[in-house]
**Student:** 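One structure is given below, represented as structure tokens, and several questions about it will come after.
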Amino acid sequence: MIAKHLPALQVVVPLFAALFCALLRSGTRAWVLANVASWAAFLIAAALLVRVLDEGVISYHLGSWEPPWGIEYRLDALNAFVLLLVAAMGTLVMAYARRSVAAELPAARHAWFYTMYLLCLTGLLGIAITGDIFNVFVFLEVSSLASYVLIAQGRDRRALVAAYQYLVMGTIGATFYVIGIGLLYLMTGTLNMADMAHRLVAVKDTRPVLAGMAFLTVGICLKLALFPLHVWLPNAYAHAPSVATAFLAATATKVAIYLLLRIFFSIFGAGIAFAELPLGEIFIALSIAAMFIASIVACFQDDVKRMLAYSSVGQIGYITLGIGMASKTGLTGAVVHMFNHALMKGALFLLVGAVVMRIGSGRIADLAGLGRRMPWTTAGIVIAGLSLIGGPATVGFVSKWYLVLAAIEKGWWWLAALIVASSLIAIVYVGRLIEIAWFRPPPAGASIGEPPLSMLVPAWILVGSCVYFGIDTSLTVGVATRAAELLLQGIR
Amino acid sequence: MSGGMVAVHAVALPFLGAIGIALAGKQPDLREAVTLTTASVLFVLVMLQLPELLAGGRVMSSGFALLPGVPVQLTIEPFGQLFAMIAASLWIANSVYSIGYMRANSEPRQTSFYVCFAIAIGSTIGIAYAGNLFTLFVFYEILTLSTYPLVTHRQSAEAMRAGRTYLLLLLGSSIALFLPAILWTWHLAGRMDFVPGGILAGHASPGVIGVLLALFVFGIGKAAVMPGHRWLPAAMIAPTPVSALLHAVAVVKAGVFSIVKIAIYVFGLDVLRGADAGWLPWVAGATVVIASLIALRQDDLKRRLAYSTVSQLSYVVLAVAILAPLSTIGAMLHILGHAFGKITLFFAAGAIYTASHKTRVSELAGIGWRMPWTMGAFAIGAIAMIGLPPTAGFLGKWFILSGALSTGHWLAVAVILASTVLNAAYYLPILHAAFFRDGAADDRHGEAPLPMVIALGATAAMTVLLFFFPSIPFALARAALGG
């Protein structure tokens with residue numbers, strides 16, 4: 001019985017957990033509840049993924065109302081994968097959260113923090129699972145509002161400004177998104193994604209539809225921080241609490257990318273999006289800009305979280321590059337990098353957050369001699385950093401392999417050259433971090449000691465995953481390939 | 001145990017040894033014993049394969065697919081076996097030498113040194129036994145990453161700068177050029193494994209082959225083909241045991257080994273003959289000559305040896321560029337001869353530093369009488385570099401020259417003759433000063449510590465013995481080319 005309703009429970013469990021969390025005063029109890037809810041969400045997501053890989057598409061009708069009048073939750077290989085990713089990140093970050101939140105937030109706010117986190121989790125899971133385009137907007141707003149609050153909790157006063165900046169830009173994005181939906185609803189009369197895909201075929205060349213597509217694209221690109229709409233990201237990631245940064249870096253942009261894929265390929269179809277409109281060219285151009293500019297800017301940062309934030313903007317460029325190429329290999333690379341980047345950045349932000357908690361500063365210069373002070377943490381940063389560079393036997397290599405292969409298959413040698421050239425920049429900013437950690441002596445009187453195990457273990461699980469999924473790629477590449485095939489088939 | 005499993009064990013053993021060394025870190029004698037035991041067992045494992053290879057067989061392990069259609073697979077073929085034997089045997093010698101050097105100079109952080117060394121050797125065996133381009137690339141990168149801590153071991157500001165050059169050049173060339181070359185090959189041929197006669201025949205035009213070859217040659221930065229050679233002299237900042245094994249044997253040899261292996265087993269000599277590869281002898285020849293000229297002007301002994309290595313490595317590239325079977329055999333034999341000769345020279349340089357704290361050629365007057373064993377070994381190594389009998393350095397040169405003469409490749413002949421003269425010009429004066437000039441009056445030092453002398457004596461002896469007993473290496477080289 002429960003198995004039948006798992007898709008609904010995926011969203012309902014964290015939502016109700018959030019409500020109960022809001023009623024709790026005690027930070028510890030709220031943390032326990034958040035953990036339980038995250039684990040429940042993770043198990044549900046895993047069960048759903050297994051079912052989808054066995055049975056194919058799952059369609060769940062909320063309240064037993066038939067689509068397209070009722071809201072439909074529709075799961076295929078792509079969004080089941082995204083669900084698993086988001087839920088897994090949630091569990092790991094929640095295990096890490098207790099000490100981190102205790103260190104960064106005043107005690108009175110802990111329960112609220114976990115409430116907001118659960119709401120954010122609800123929103124992200126909802127975006128991934130739903131098959132109704134307006135329902136996406138609802139969940140998008142839920143997760144965005146929750147994330148604005150999460151970011152504003154940072155210790156630094158600039159966190160408020162960063163949250164406000166993200167709020168303004170995020171609301172613009174959401175507004176564009178809803179305008180886009182409105183135009184599409186106008187022309188097709190339906191909000192259900194599968195139904196809309198059928199109906200769009202007849203009206204695809206009309207002005208409102210093209211305008212709607214443009215609004216949707218810009219709105220979502222704001223959310224996924226595609227250059228040049230990325231401006232909110234560095235501030236938000238740098239000043240938010242470590243838990244929030246790690247969670248958002250690993251999930252929020254990835255869900256937005258999923259949404260983009262859904263809209264481009266499943267609703268509009270690759271034919272309209274890439275053959276008739278120059279979306280592919282635009283995305284490739286912007287992605288190349290992101291890959292180079294963001295990575296170069298990362299080299300010049302003083303603050304380690306800002307550096308990682310700019311690195312994220314660059315890495316998102318790789319994902320959108322794969323999307324822009326719109327070939328099976330390219331989409332496989334994009335989807336697999338979506339997962340892999342979440343692992344890498346999740347690990348890095350968790351480790352860096354632990355370091356910042358221990359030494360009290362996020363400036364790179366203050367990380368001198370970290371290798372001697374916290375060898376295990378530094379080793380984790382080194383391995384995750386190597387994954388960013390794309391060393392073999394790590395996940396970063398798998399993504400690069402597919403992206404370069406996609407470029408070569410299309411005969412775009414210049415693009416293959418650009419991809420490898422930009423990944424060389426990662427050597428510089430990761431190498432700089434490693435040099436300071438290993439070659440500079442620790443400042444006199446510096447604290448020596450690893451962060452607590454409750455923080456180190458989740459981070460190292462992610463680091464281990466960076467290596468494990470770089471060697472055993474059957475799950476990630478297998479699902480990504482299936483997802484790519486599904487997307488290119490167009491109408492679901 | 002099947003041959004394939006032995007191959008896997010041979011590659012895995014040094015990595016496991018590294019764990020053992022790390023665990024024994026607090027007890028130096030136990031730690032050293034773990035290193036020596038691992039090295040000895042590895043040597044035995046590697047030698048176990050020899051009979052089957054000499055009989056003409058190849059040993060394949062089962063692969064596991066890292067990516068769909070892209071397996072990690074080990075295949076022992078004759079050329080790889082030769083390289084693995086060189087690496088395994090010299091690891092033993094180098095471990096003995098390292099023990100002497102590290103303890104005599106009270107080097108810090110010795111445990112991480114031995115751990116990284118073991119990982120580097122493991123990667124080298126992985127490269128030797130790689131069954132396809134992808135496996136080769138994986139171990140190639142692990143080699144770069146595991147040798148970075150060794151190069152920067154002293155952790156001074158200069159070491160950090162050298163480390164930067166090392167990492168940027170090697171990682172940069174491999175990610176920017178080598179990796180795309182592998183992907184392009186896969187795209188063209190649909191496969192990446194090493195097959196006698198090559199896999200690219202009929203899949204690409206001569207122009208494309210030429211460009212692909214360039215990507216490989218310059219992408220394999222460890223072969224130090226100019227202009228991508230700067231990392232080698234920079235890496236001399238490392239302690240001498242590192243320079244000795246890694247930059248005389250493992251790292252640089254992995255580079256030229258990869259180039260030769262790719263030339264024979266991915267391209268095939270016939271395909272290369274029909275391609276736009278005429279630039280390669282010029283690039284290799286230029287590297288040989290220019291590096292020798294720079295070596296002439298170096299006063300720092302290790303830097304002189306470094307540039308000599310750059311020059312000798314391009315002998316191997318030149319030999320392959322001649323595209324004659326004889327010269328390709330010469331290339332393989334030169335890998336062998338240069339390995340033993342150069343490691344002897346570096347051992348001697350480290351011994352000189354340990355005993356007398358001298359690093360410059362100009363300081364070496366009269367040192368031959370104070371350190372007879374060391375300088376005697378140095379003399380043998382120098383003769384090997386010049387390429388004269390009775391040293392192993394003569395073997396490779398003979399075959400390369402024969403190949404060049406047989407195909408009428410006058411450029412190669414000229415380059416080899418010129419560089420022989422240049423080698424003599426920068427090695428003989430050292431010997432002359434060491435034995436025929438009087439040392440400074442305040443020189444009081446004696447020979448280097450015993451482990452170091454044993455190691456350099458052993459490698460010097462091997463350099464001479466291989467001249468008299470070259471049958472096994474020669475048989476392996478012949479078998480690699482298909483008999």
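Labels below follow one simple rule: chain letters A, B, ... track the order of the sequence lines, proteins then strands, and each chain is numbered from 1.
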**Student:** Which atoms of B:L177 come close to chain A, meaning under 4.5 Å heavy atom to heavy atom: side chain ones, backbone ones, both, or neither?
**Tutor:**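 For B:L177, no heavy atom lies under 4.5 Å from chain A.
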**Student:** Quick check on A:I408 against chain B: is it the side chain, the backbone, both or neither that has a heavy atom closer than 4.5 Å?
**Tutor:**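 A:I408 touches chain B through backbone and side-chain heavy atoms alike.
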**Student:** Side chain, backbone, both or neither: which part of A:I427 has a non-hydrogen atom closer than 4.5 Å to chain B?
**Tutor:**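 Looking at A:I427, just its side chain touches chain B.
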**Student:** Give every donor-acceptor pair between chain A and chain B closer than 3.5 Å, one pair per line, or write none.
**Tutor:**
residue: A:R372; atom: NH2; partner: B:Q155; partner atom: OE1; Å: 3.4
residue: A:E435; atom: OE1; partner: B:R164; partner atom: NE; Å: 3.1
residue: A:E435; atom: OE1; partner: B:R164; partner atom: NH2; Å: 2.7
residue: A:E435; atom: OE2; partner: B:R164; partner atom: NE; Å: 2.7
residue: A:T473; atom: OG1; partner: B:L66; partner atom: O; Å: 2.2

**Student:** Rounded to the nearest 0.5 Å, what's the gap from CG on A:L49 to CG on A:D54? Could you check?
**Tutor:**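 So the CG of A:L49 and the CG of A:D54 are separated by 9.5 Å.
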**Student:** Do you know which of A:L486, A:L331, A:I319 makes side-chain contact (heavy atoms from CB on, under 4.5 Å) with A:L261?
**Tutor:**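 Single pass found, and it is A:L331.
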**Student:** Ring-plane angle category for B:F15 and B:F139, please: parallel below 30°, perpendicular beyond 60°, tilted otherwise.
**Tutor:**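 Judged by the thresholds at 30° and 60°, the geometry between B:F15 and B:F139 is tilted.
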**Student:** Side chain, backbone, both or neither: which part of B:I142 has a heavy atom under 4.5 Å from chain A?
**Tutor:**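 Neither part.
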**Student:** Can you tell me how far the CE atom of A:M307 sits from the CD1 atom of A:I364, to the nearest 0.5 Å?
**Tutor:**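 Answer for the CE-CD1 pair, A:M307 versus A:I364, is 5.0 Å.
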**Student:** Give, for atom CG of B:L136 and atom CG of B:L74, the distance between the pair rounded to the nearest 0.5 Å.
**Tutor:**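 Result: 11.0 Å between the selected atoms.
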**Student:** Can you say whether A:L386 sits under 4.5 Å from chain B via the side chain, the backbone, both, or neither, judging by heavy atoms?
**Tutor:**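 Contact with chain B is through the side chain of A:L386 alone.
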**Student:** For B:V72, is it the side chain, the backbone, both or neither that has a heavy atom under 4.5 Å from a heavy atom of chain A?
**Tutor:**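 For B:V72, there is no contact with chain A at all, as no heavy atom is under 4.5 Å.
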**Student:** Quick one: closest heavy-atom pair of B:L169 and B:G228, and the distance?
**Tutor:**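 Taking every non-hydrogen atom into account, CD2-CA, 4.2 Å.
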**Student:** What are the two closest non-hydrogen atoms of A:I425 and A:C299, and how far apart are they?
**Tutor:**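 Smallest heavy-atom distance, with atoms named: CG2-SG, 3.7 Å.
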**Student:** What verdict does the side chain to side chain contact (heavy atoms under 4.5 Å, CB included) test give for B:I262 and B:I220, after you've listed the backbone C-alpha separation in whole Å, the side-chain angles of each residue and the deciding distance to 0.1 Å?
**Tutor:** CA-CA 11 Å; B:I262 289 174; B:I220 300 178; 3.8 Å; yes
**Student:** Who passes side-chain hydrogen bond (donor to acceptor under 3.5 Å, both in side chains) against A:Y310, sequence neighbours left out?
**Tutor:**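 Here no residue qualifies.
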